[in-house]
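As the structure is a computational prediction, the values presented were derived from the model and not from experiment.
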Amino acid sequence: MVRITLPDGSVKEFANAPTVGEVAASIGAGLAKSALGGRVGTTGANLAKDGELVDLAHPIESDSSLAIVTAKNRDGTVSPDALYLLRHSCAHVMAEAIQRLYPGVQLVYGPPLETNFYYDMLFPDGKVMSADDFEKVEAEMAKIVAENRPFTRYELPIADGIAKLEKEGSKFKLDNAQRAVEAGSKSLSWYATGEPGKNWEDLCRGPHVPATGKIGAFKVLSLASSYWKGDEKLDRLTRVYGTAFATKEELEQYARLQEEARRRDHRTLGKQLRLFHIDEMVGQGLILWTPKGSIVRNELQNFIGTELRKQGYHQVYTPHIGKLDLYKTSGHFPYYKESQFPAIVEGDDLTKLCDSGCSCGELVARIDGVSAQFARELNERTGREVIAQDRVMDADKLINGFLLKPMNCPHHAKIFASEPHSYRDLPVRLAEFGTVYRWEQSGELNGMTRVRGFTQDDAHLFVREDQVAEEVLGCLSLVKIIFATLGMHEYRVRVGLRDPDGTKYVGDPANWDKAEQACRDAAKTLGVPFSEEPGEAAFYGPKIDFVVKDVIGRSWQLGTVQVDYNLPVRFDLSYTGQDNKPHRPVMIHRAPFGSMERFGGVLIEHFAGAFPCWLSPEQVRVLPISEKSAAYADELVAALKARGVRASVDHGNDRVQAKIKVAAEEKIPYMAVVGPRDAENRVVSVRARGVEANLGEMPFDAFVSGIAAEIDARLLSGAPGTVQAALTK
RNA sequence: GCCACCGUAGCUCAGUGGUAGAGCACACCCUUGGUAAGGGUGAGGUCGAGGGUUCAAUCCCCUUCGGUGGCUCCA
């Protein structure tokens with residue numbers, strides 16, 4: 001007898017192991033019809049977390065908990081499990097369609113994802129698929145769906161399965177099977193779209209929807225390329241993306257959201273609202289902040305500057321380059337050479353070297369090299385061979401040069417080291433909006449979110465061991481203030497801990513334990529879920545990262561707080577303790593925004609370009625009804641400007657309607673319409689962005705001081721205390 | 001960096017083997033209008049760059065630069 005516990009707590013008993021479908025049928029005919037699969041687990045298990053997603057035809061052998069998967073949950077929400085089944089199944093349908101249209105295509109791997117699915121395939125030599133072919137593929141898929149063929153699972157013992165795959169000659173599927181075996185599979189399973197032996201089939205773990213007809217709506221989305229197993233030395237594959245939903249409406253909804261996302265894209269809005277520009281001639285990944293974008297950036301910097309002063313930071317400035325020795329000491333050169341702009345070597349030196357017949361390889365070695373003394377000192381200090389012997393060469397052979405700084409920390413470490421410190425002085429907190437340059441691969445560049453030159457809102461805290469926890473907490477509270485002020489709630493927190501088996505970490509394990517605990521405790525204070533990720537720590541210390549998603553769904557790391565035991569050793573930093581002996585400080589790196597560029601890009605998307613008043617490039621646009629009110633309009637703008645408000649008048653000879661449209665397109669938070677009536681009564685007629693109506697009149701002075709107060713308080717649009725709220729209550 | 005696609009006016013985009021068009025923006029004129037586009041006129045482009053095929057290339061081919069999507073990478 002098998003006892004099945006359903007989500008409502010009721011228990012059903014079956015004489016023999018029932019399939020999920022049979023359980024569904026025993027509950028009701030309607031459910032049996034709409035069931036797509038099931039989620040099973042041991043009795044009482046949290047199915048959403050620990051349950052296994054299975055086919056409708058999956059037999060349940062022992063007492064279990066079971067939830068039947070249907071397209072919609074009982075509360076009407078779309079079931080992610082259903083989408084998973086649909087997309088996984090649709091990937092098979094698409095693969096069959098493509099193989100029909102392009103004979104010789106080999107299949108590799110086709111998983112469902114959060115919003116879509118893809119299938120990697122190898123096209124025979126000379127054959128390519130193009131976006132023009134999507135319709136053809138979709139038509140072929142539609143036929144398969146219309147045939148409503150069942151997904152039929154069958155299993156083979158491993159030896160037989162491997163033999164079958166060897167006969168078929170697909171190295172990719174063979175490899176998939178071998179990996180499944182290594183992962184502990186006891187047999188290999190296939191899914192035929194229809195009848196095994198007769199219809200199309202694919203080696204697959206499953207699960208799938210019961211039949212192709214369940215796929216209500218689908219679309220082939222895009223083409224991309226990938227490498228087999230992500231290794232560029234292996235075959236280059238064609239990745240075909242598609243998506244599937246239970247209904248046409250859901251697919252249309254998805255398309256609408258995609259469209260909306262494109263409109264919110266910071267690259268589109270940045271151009272439309274003239275916030276930034278990237279110029280071919282200046283270079284890829286190098287952001288030119290236009291006047292309007294610069295205002296947003298400046299406001300953000302002022303905002304954070306105010307908070308930093310409250311928290312006892314010192315502002316510093318450091319140059320954009322430093323000598324190679326600086327980075328050889330910190331370890332950033334030459335180990336991260338691939339992601340840096342090349343070293344800057346003095347022209348005359350280079351000429352002399354070239355004239356003397358110095359080869360490129362030799363040149364590189366002489367730039368990368370260090371003196372014996374340099375190597376000895378650094379290796380002694382760190383207690384490890386951080387400088388390998390093959391980098392050591394005669395001092396007179398070394399070529400000196402400079403590097404565009406890839407990080408600010410070495411400069412800040414040197415500021416700390418420039419004077420003696422007592423334990424009483426710590427923590428020393430040095431902050432700088434420091435611009436750094438990194439050589440990102442050209443294909444990775446993306447608007448403002450991935451660039452080659454960017455300004456970190458960086459700071460380095462030099463603290464005593466016993467101050468780490470409190471200072472990490474302080475850093476996080478800053479992040480919290482920033483996110484709260486900007487109304488950003490959709491972020492993920494990642495606490496990077498060391499890999500328990502790893503050996504690459506520097507520093508005392510006991511200190512690591514303390515620092516990791518400090519990070520964990522600090523993350524808890526954020527009041528948002530966070531994930532602990534072992535192995536994600538930097539080699540020099542644990543860290544806390546803030547990750548947000550852009551409109552396209554791509555994740556970007558913004559803020560970061562990192563504990564560092566390494567640089568203080570490398571730079572031989574010390575302070576005098578109570579015992580009058582030198583002690584090693586700990587460094588904390590932190591950048592709440594991450595970089596002004598990336599944060600700016602994310603912020604544009606977060607607000608869809610409609611910045612709160614305090615951040616808006618233009619805060620009030622005054623719209624005189626006609627030239628008769630020009631003087632009154634000018635008086636209003638002058639009064640606003642006198643209070644530091646960014647305001648302008650539209651003196652154009654358009655009608656107010658047109659002026660409103662333009663101001664709305666520029667996403668200006670407030671419009672003040674003024675005509676003879678307003679002038680006579682010393683009032684302004686107010687409109688707020690996003691509200692398609694005249695909010696009413698406000699006395700001249702009340703409007704000016706209301707706007708100024710809203711800006712000073714850095715309020716979000718429409719929040720209590722704003723002019724808009726005052727007029728709409 | 002790799003693969004696919006794309007590059008026409010300031011912006012969004014049509015279009016063609018016989019040297020190019022719309023809307024918006026811009027300039028000027030008329031209009032002085034009370035809450036999301038009043039009307040007219042005009043200016044603006046070596047069709048990303050270089051090379052090739054052709055009587056003729058913005059269009060076809062090659063190279064190159066840049067962008068987009070993905071892969072890889074991100075101290």
Q. Just by protein heavy atoms under 4.0 Å, how would nucleotides 2-14 of chain B read 5' to 3' in B, S and -?
A. BB------SSS--
Checking all strands, does [X] fall into the base, sugar-phosphate, or nothing category for heavy-atom contacts under 4.0 angstrom?
X	result
A/Phe539	nothing
A/Gln657	sugar-phosphate
A/Val656	sugar-phosphate
A/Ala664	base
A/Glu697	nothing
A/Ser626	base

Pairwise [atom1] distance, [M] and [N] [rounded to whole Å]:
N	M	atom1	value
B/C59	B/G52	C1'	15 Å
B/U54	B/G67	P	35 Å
B/U58	B/G48	P	10 Å
B/A25	B/G10	C1'	7 Å
B/C60	B/G7	P	10 Å

(Q) So which atom in A/Val637 and which in A/Val622 form the shortest heavy-atom distance, rounded to 0.1 Å? (A)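 Closest approach of A/Val637 to A/Val622: CG2-CG2, 3.4 Å.
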Q.
Parallel, tilted or perpendicular, judged at 30° and 60°: which one describes the rings of A/Phe703 and A/Tyr670?
A. perpendicular
Q | Aromatic ring pairing A/Tyr102/A/Phe123, orientation class (parallel under 30°, perpendicular over 60°, tilted between) | A |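 Geometry flag for A/Phe123 against A/Tyr102: perpendicular rings.
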Q: Please confirm whether the backbone N or O of A/Val683 pairs with a side-chain atom of A/Asn681, one donor and one acceptor, at under 3.5 Å?
A: no
Q.
Looking at A/Gln340 and A/Phe333, would you say the former's side chain and the latter's main chain have a donor-acceptor pair under 3.5 Å?
A. no
Q) Where each residue is assigned the nucleotide of RNA chain B containing its nearest heavy atom, which of A/His332 and A/Asn446 is assigned the position nearer the 5′ end? A) A/Asn446
Distance in angstrom units between [X] [atom1] and [N] [atom2], rounded:
X	N	atom1	atom2	answer
A/Lys659	B/G38	NZ	P	11 Å
A/Lys328	B/A75	NZ	C1'	18 Å
A/Ile668	B/A36	CD1	P	16 Å
A/Gln562	B/A75	CD	C1'	8 Å

Q: Could you walk me through whether A/Phe276 and A/Trp289 pass the ring-ring contact (aromatic ring centres under 6.0 Å, His included) test, one step at a time?
A: CA-CA 5 Å; A/Phe276 68 94; A/Trp289 292 77; 7.6 Å; no
Q: Return one dot-bracket line describing RNA chain B 5' to 3' (Watson-Crick or G-U wobble pairs, both distances under 3.5 Å; ( ) same strand, [ ] crossing, | another strand, . none).
A: (((((((..((((....[..)))).(((((.......))))).....(((((..]....))))))))))))....
Q.
B/C71, OP1 or OP2 - any side-chain N/O from A/Arg239 closer than 4.0 Å?
A. yes
Q: Apply side chain to side chain donor-acceptor pair (under 3.5 Å) to A/Glu680 and list each qualifying residue two or more places apart in sequence or on a separate chain.
A: none
Q: Using the side chain to side chain contact (heavy atoms under 4.5 Å, CB included) rule, pick out the option among A/Val569, A/Val563, A/Asp564 that qualifies with A/Tyr540.
A: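 The passing option is A/Asp564.
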